[in-house]
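Every chain is numbered from 1 and lettered A, B, ... according to where its sequence line falls, protein lines coming before strand lines.
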2 protein chains.
Amino acid sequence: MRDTIDDWPTGRLLSVAARLVEQRWRESLERIGLSHAGLIVLHLVERDPLPLGELARRARVTAQTMGRTVEHLERSGYVRLVADPSDRRRKLVERTEEGGRVFDGIGAIEATVFPTVEQAAVLRMSLLQIIRHVGGDPEAPGPDGADDGPARAERG
Amino acid sequence: MRDTIDDWPTGRLLSVAARLVEQRWRESLERIGLSHAGLIVLHLVERDPLPLGELARRARVTAQTMGRTVEHLERSGYVRLVADPSDRRRKLVERTEEGGRVFDGIGAIEATVFPTVEQAAVLRMSLLQIIRHVGGDPEAPGPDGADDGPARAERG
DNA sequence: TGACAATGCTCAGCAAGCTTAGCAATTGGA
DNA sequence: TCCAATTGCTAAGCTTGCTGAGCATTGTCA
């Protein structure tokens, strides 16, 4: 009875699948100096600049992690940090032209990176359920401010 | 039109969901000095000791990463490293009694950590599809040796 | 047998999660 | 007005992914 992955708990399958897909992304992204985390940021600031903390909330990571990811993006020239005149504690993250070009070119390969699954819609729905259940819903505050609930700080 | 997570690509949802679930695990595991990665190892060596490389293949991580995870487990006293007399390059990873006790106590909380999803069976099937598609099937060699395919080295 | 390739593991270094601790700016109440 | 709490971000340190490089052992073949 050779141990087989079919018996693994779902949480473990989730971790492994996510890691493998992220790795596959890395293979596509590394040649343009972008990471999967950076890709998410470029996506989030597609329309308007956002403060660092708001980015963190939306991506469900801590402000510290987001700070470092943005720092790398900035070094690559894909985003720019702008001081918020209305609140000097804040730094707004803004996409550069180069960042926009790179991001727009990526949409095409998105389909080739993520493998085809039979019941994709159900998969999406399940993942959203998990995220909502475990991670809360940090999108309530809205893009123009961050006055509402903390992202996932209810455990600190 | 406030940006909402529902529009995110599935790969990104997968990453976020996996991370959130892993964090929840950490909250339960940290008080006993165990990590999610360590938990997987304790699971894999439940029956018999396995060489480090075989563990890496089954968990779909690199040998270096597995080496470090096992090192931490060893420091916590949950596994033991035994030299393989038949191949002195190898180190067999073996669960200690303490490791067995801890692992057995964890099964109970497994259900409380992973949230309930409506179509759990479809979710599992989808995750397995992704893993098989992206990560290959490194379980072919069998537990008593590692003579077959490399885990995910076809890209090196 | 002796040289070369393959295998198993380790070391060093990077990215991206996390935590705790801390500084600066803003807000709010006495 | 002024002090204290809150908020936004940074610093330092840990784990776990990764890569590339390197050492020891084993296997293979001339």
Side-chain angles (χ1 to χ4, degrees), chain A residues 15-16 18-20 22-27 29-30 33-41 50-57 59-73 75-76 81 83-93 141 145-148 150-153 155-156, chain B residues 15-16 18-20 22-27 29-30 33-41 50-57 59-73 75-76 81 83-93 141 145-148 150-153 155-156:
Chain A
S15 293
V16 171
R19 200 160 34 69
L20 291 175
E22 271 192 48
Q23 275 176 244
R24 186 174 256 211
W25 264 113
R26 185 181 314 146
E27 297 170 23
L29 293 177
E30 64 184 359
L34 200 56
S35 68
H36 191 248
L39 178 61
I40 294 180
V41 173
L50 288 176
L52 220 151
E54 180 65 20
L55 281 177
R57 262 184 294 276
R60 270 79 169 175
V61 300
T62 62
Q64 297 88 321
T65 294
M66 184 52 76
R68 222 173 6 184
T69 298
V70 165
E71 185 182 311
H72 291 152
L73 274 178
R75 221 183 297 149
S76 301
L81 283 174
D84 184 338
S86 74
D87 187 338
R88 285 178 313 182
R89 291 170 302 182
R90 280 194 186 168
K91 298 180 173 179
L92 298 176
V93 179
D147 47 3
D148 195 316
R152 8 180 302 273
R155 143 173 75 79
Chain B
S15 293
V16 171
R19 200 160 32 71
L20 291 176
E22 271 192 47
Q23 276 177 240
R24 186 173 255 210
W25 263 113
R26 185 181 314 146
E27 296 170 24
L29 293 177
E30 64 183 359
L34 200 56
S35 69
H36 191 248
L39 177 61
I40 295 179
V41 173
L50 288 176
L52 218 152
E54 180 64 19
L55 281 176
R57 262 185 294 276
R60 271 78 169 175
V61 300
T62 61
Q64 298 91 315
T65 293
M66 184 52 75
R68 226 172 5 184
T69 298
V70 166
E71 186 181 312
H72 292 152
L73 273 178
R75 221 182 297 147
S76 300
L81 284 174
D84 184 338
S86 73
D87 185 339
R88 285 178 315 181
R89 291 170 302 182
R90 280 194 186 168
K91 298 180 172 180
L92 299 176
V93 179
D147 47 5
D148 194 317
R152 8 179 301 273
R155 141 175 77 80

key: Side-chain donor/acceptor of B:R19 to backbone N/O of A:A18, under 3.5 Å   = no
Under 3.5 Å, N/O pairs linking protein and nucleotides 10-14 of chain D:
residue	atom	partner	partner atom	Å
D:dT10	OP1	A:K91	NZ	2.5
D:dA11	N6	A:Q64	NE2	3.4

request  = Not counting sequence neighbours, which residues clear side chain to side chain contact (heavy atoms under 4.5 Å, CB included) with A:A59? List them please.
outcome  =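 Checked A:A59 against side chain to side chain contact (heavy atoms under 4.5 Å, CB included); matches are A:I40, A:L44, A:V61, A:M66.
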request  = With sequence neighbours excluded, tell me which residues meet side chain to side chain contact (heavy atoms under 4.5 Å, CB included) with A:A37.
outcome  =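 With neighbours one apart ignored, the set is A:S35, A:T69.
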query = Below 4.0 angstrom, N of the basic side chain to O of the carboxylate: do B:R24 and B:E27 qualify?
reply = no
Taking only residues two or more places apart in sequence or in another chain, which ones pass side-chain hydrogen bond (donor to acceptor under 3.5 Å, both in side chains) with [X]?
X     : result
B:S15 : A:E22
A:R89 : A:D87
B:R88 : none

So which protein nitrogen or oxygen atoms get under 3.5 Å of nucleotides 24-26 of chain C's nitrogens or oxygens?
residue	atom	partner	partner atom	Å
C:dA25	N3	A:R89	NH1	3.3
C:dT26	OP1	A:R88	N	3.1
C:dT26	OP2	A:R88	NH2	3.1

Is the shortest side-chain N/O distance from [X] to OP1 or OP2 of [N] below 4.0 Å?
X     : N      : answer
A:S35 : C:dA15 : no
A:R26 : D:dG17 : no
A:T65 : C:dC18 : yes
A:R19 : D:dC18 : yes

Taking only N/O atoms, report every protein-nucleotides 1-4 of chain D pair under 3.5 Å with atom names and distance.
none

ask   = Where the side chain of A:Q23 is concerned, which of D:dG17, D:dC9, C:dC18 is the nearest nucleotide?
value = D:dG17
